[in-house]
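Both counts, for ligands and for their atoms, begin at 1 and track the order of listing.
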Amino acid sequence: MEGKGKQMNHSYYGEYGGQYISEALMNTLYELETAFQDAIKDPLFLQEYHYYLKEYVGRETPLYLAGRLSEEYGCKIYLKREDLNHTGAHKINNVIGQILLAKRMGKKKVIAETGAGQHGVATATGAALFNMECTVYMGTEDIERQHLNVMRMEMLGAKVVGVRSGSNTLKDATNEAIRTWARTAEDTFYIIGSAVGPHPYPKMVKEFQKIISVEAKRQFLEKEQRLPDVVMACVGGGSNSIGMFAEFIEDKEVELIGVEAAGMGVSSGKHAAAMAAGKPGILHGMKSYLLQDEDGNVKLAHSISAGLDYPGVGPEHAFLHDTKRVKYVSVTDQEAMEALSILCKMEGIIPAIESSHALAYAFKKAKSMKKNQAMIVCLSGRGDKDAATIESYFNGEGYLN
Ligand SMILES: *Cc1c(COP(=O)(O)O)cnc(C)c1O
């Protein structure tokens, strides 16, 4: 309900964000917010969160100066290696935070939505670690496309529920997860996988992902005794990017760039560039930029990377876009795949296709920078999960997803 959301000004980023959700969930969101605010002020909670990030996830992740890339493109290119986290991407940072909060609130079960399956795998992992019952909602179309991740979730003890409605993909799985949560919130915690959803989710996800820039800033200062000139990350729902930007937002001299997926090109209509081609609208409990048709119906997104294939973007990004603190650009499937191949061959790192979008723009941007300038690119995940897509793309067999 819009009215109630608006009374809580802190639930908005300018005109974006809010709690556009059924009355049945208002009290649950209020309890969640109270518990979250309480937890992040509790040193014991934070200690436990950092304990698991270090001992289980394997943080801190390196800030690696990519020597050959720097030489080739003409400025210092640092990679924040989120690909080295347990489960292969940044998503686990957020899952550990939310699941510890769930435990603190006395919940026994967790649910999650997933598209490509990456957030589902991270959630199933956390649920196994903390002995919680776990159900993951996934569109039936995605279940077919992402068989390996379905197997992983099941191996980890989670139940995967197929959602057959709408386009049978992430958007529909999210709707189903929200509906289920409204019925079961008494004993169930809903773990959202990106910086989206009703307040307080975008705030929580930022809080649990900001470790990326807390570390990166410290590491960069140690290595270079100054701030970076440019910081970049890819943007799906916006969680690795908000985590990568968080500690630099106040440093006005640092240029921040978010890279969306342009798919086959923004003018083709087959893309996921919500900021470049979307309009403000309401989806999944929030107001933000959304891909929609003339009648306001949410349009299907397209990207070769399943993790960027979302028709919206987190509300804080919408605000950072309008206030021009962050510049949002977009990169096509083809450009991302070329960048992926370059990183493999020049640095011996196979990146996720999502992360390759940030890399592709980094290579373009580097050409306009000076030799002593430096950028940090968030390498949000590793590419093992994408092996089949990469193979079929370079064999000219087109897309697997
Ligand atoms: C899920 C995913 C993304 C996109 O999600 P954000 O919330 O925008 O970070 C990017 N990279 C990888 C490796 C992912 O798994």
Side-chain angles (χ1 to χ4, degrees), residues 61 79-95 97-98 112-123 125 138 142 146 148-149 152 170 173-174 191-197 201-202 204-206 208-213 232-246 257-261 272-275 284 286 288-289 301 303-318 320 326 328 330-331 336 339-340 343 349-360 377-387 389-390 401:
T61 60
L79 303 176
K80 182 59 175 157
R81 298 289 310 273
E82 293 302 299
D83 59 312
L84 295 177
N85 288 326
H86 178 47
T87 68
H90 65 292
K91 287 197 172 74
I92 190 85
N93 302 329
N94 168 53
V95 165
Q98 286 197 40
E113 82 294 334
T114 200
Q118 292 303 107
H119 174 56
V121 170
T123 303
T125 300
M138 190 169 186
D142 288 331
Q146 307 288 341
L148 184 64
N149 276 340
R152 281 198 183 113
L170 175 60
T174 306
I191 301 186
I192 293 188
S194 190
V196 299
Y201 279 100
M204 286 203 297
V205 175
K206 180 186 189 185
F208 296 135
Q209 290 293 2
K210 79 171 188 212
I211 186 70
I212 301 173
S213 54
M232 271 185 242
C234 67
V235 181
S239 70
N240 87 89
S241 49
I242 204 70
M244 184 74 245
F245 297 161
I257 303 177
V259 186
E260 294 189 296
M275 219 75 90
H284 300 149
M286 64 177 176
S288 191
Y289 278 94
S303 167
I304 188 169
S305 67
L308 301 184
D309 205 347
Y310 181 70
V313 64
E316 189 168 1
H317 287 288
L320 291 168
V326 178
Y328 293 88
S330 58
V331 149
L340 180 146
L343 191 71
I349 298 169
I350 304 176
I353 302 178
E354 291 83 359
S355 323
S356 303
H357 286 72
L359 279 173
V377 184
C378 185
L379 206 66
S380 55
R382 59 177 172 248
D384 309 37
K385 68 180 178 61
D386 296 322
T389 308
I390 296 168
N401 57 27

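By the 4.5 Å heavy-atom criterion applied to side chains, Tyr328 and Val313 are not counted as neighbours. In this structure, the side chains of Ile353 and Leu340 come closer than 4.5 Å at one or more pairs of heavy atoms.
Proximity of Ser239 to ligand 1, defined as any heavy-atom pair under 4.0 Å, is shared by backbone and side chain alike. Residue-level proximity to ligand 1 for Glu82 is absent, since no heavy atom of it falls below 4.0 angstrom. Neither the backbone nor the side chain of His119 has a heavy atom within less than 4.0 Å of ligand 1.
Contact detail for Ser303 and Leu308: the closest heavy-atom pair is OG-CB, 4.1 Å. Nearest approach of Ser356 to Ala336, heavy atoms of both residues: CB-O, 3.3 Å. Across Asn149 and Ala116, no two heavy atoms sit closer than the pair ND2-O, 3.1 Å. Here the shortest heavy-atom pairing between Cys234 and Ser380 reads SG-OG, 3.8 Å.
The distance from ligand 1 to the heavy atoms of Ala352 drops below 4.0 Å at these ligand atoms: 13 (C). Near Gly238, the atoms of ligand 1 lying under 4.0 angstrom from a non-hydrogen atom of the residue are 6 (P), 7 (O), 8 (O). Of all atoms in ligand 1, numbered sequentially from 1 with element shown, those under 4.0 Å from a heavy atom of Lys91 are 1 (C), 2 (C), 3 (C), 14 (C), 15 (O). Less than 4.0 angstrom separates some heavy atom of Gly381 from each of these atoms of ligand 1: 13 (C). Close contacts between ligand 1 and Gly236 involve ligand atoms 8 (O) [criterion: under 4.0 Å to a heavy atom]. Residue Cys234 has at least one heavy-atom neighbour below 4.0 Å for each of these atoms of ligand 1: 10 (C).
Looking at atom 7 (O) of ligand 1, its nearest protein heavy atom turns out to be Ser194 OG, 2.5 Å. The single protein non-hydrogen atom nearest to atom 4 (C) of ligand 1 is Gly307 O, 3.3 Å, given as residue, atom name and distance. The protein heavy-atom contact nearest to atom 12 (C) of ligand 1 is Ser380 OG, 3.5 Å.
Judged by distance alone, the side chains of Tyr310 and His284 do bring a donor and an acceptor atom under 3.5 Å apart.
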Which is it for Gln209 and Asn93 under the side chain to side chain donor-acceptor pair (under 3.5 Å) test, yes or no, and what are the steps along the way? CA-CA 6 Å; Gln209 290 293 2; Asn93 302 329; 3.0 Å; yes
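The distance criterion of under 3.5 Å between nitrogen or oxygen atoms is not met by Ser241 with respect to ligand 1.
Paired with Thr61 under the rule side-chain hydrogen bond (donor to acceptor under 3.5 Å, both in side chains), one option of His90, Glu82, Arg81 passes, and it is Glu82.
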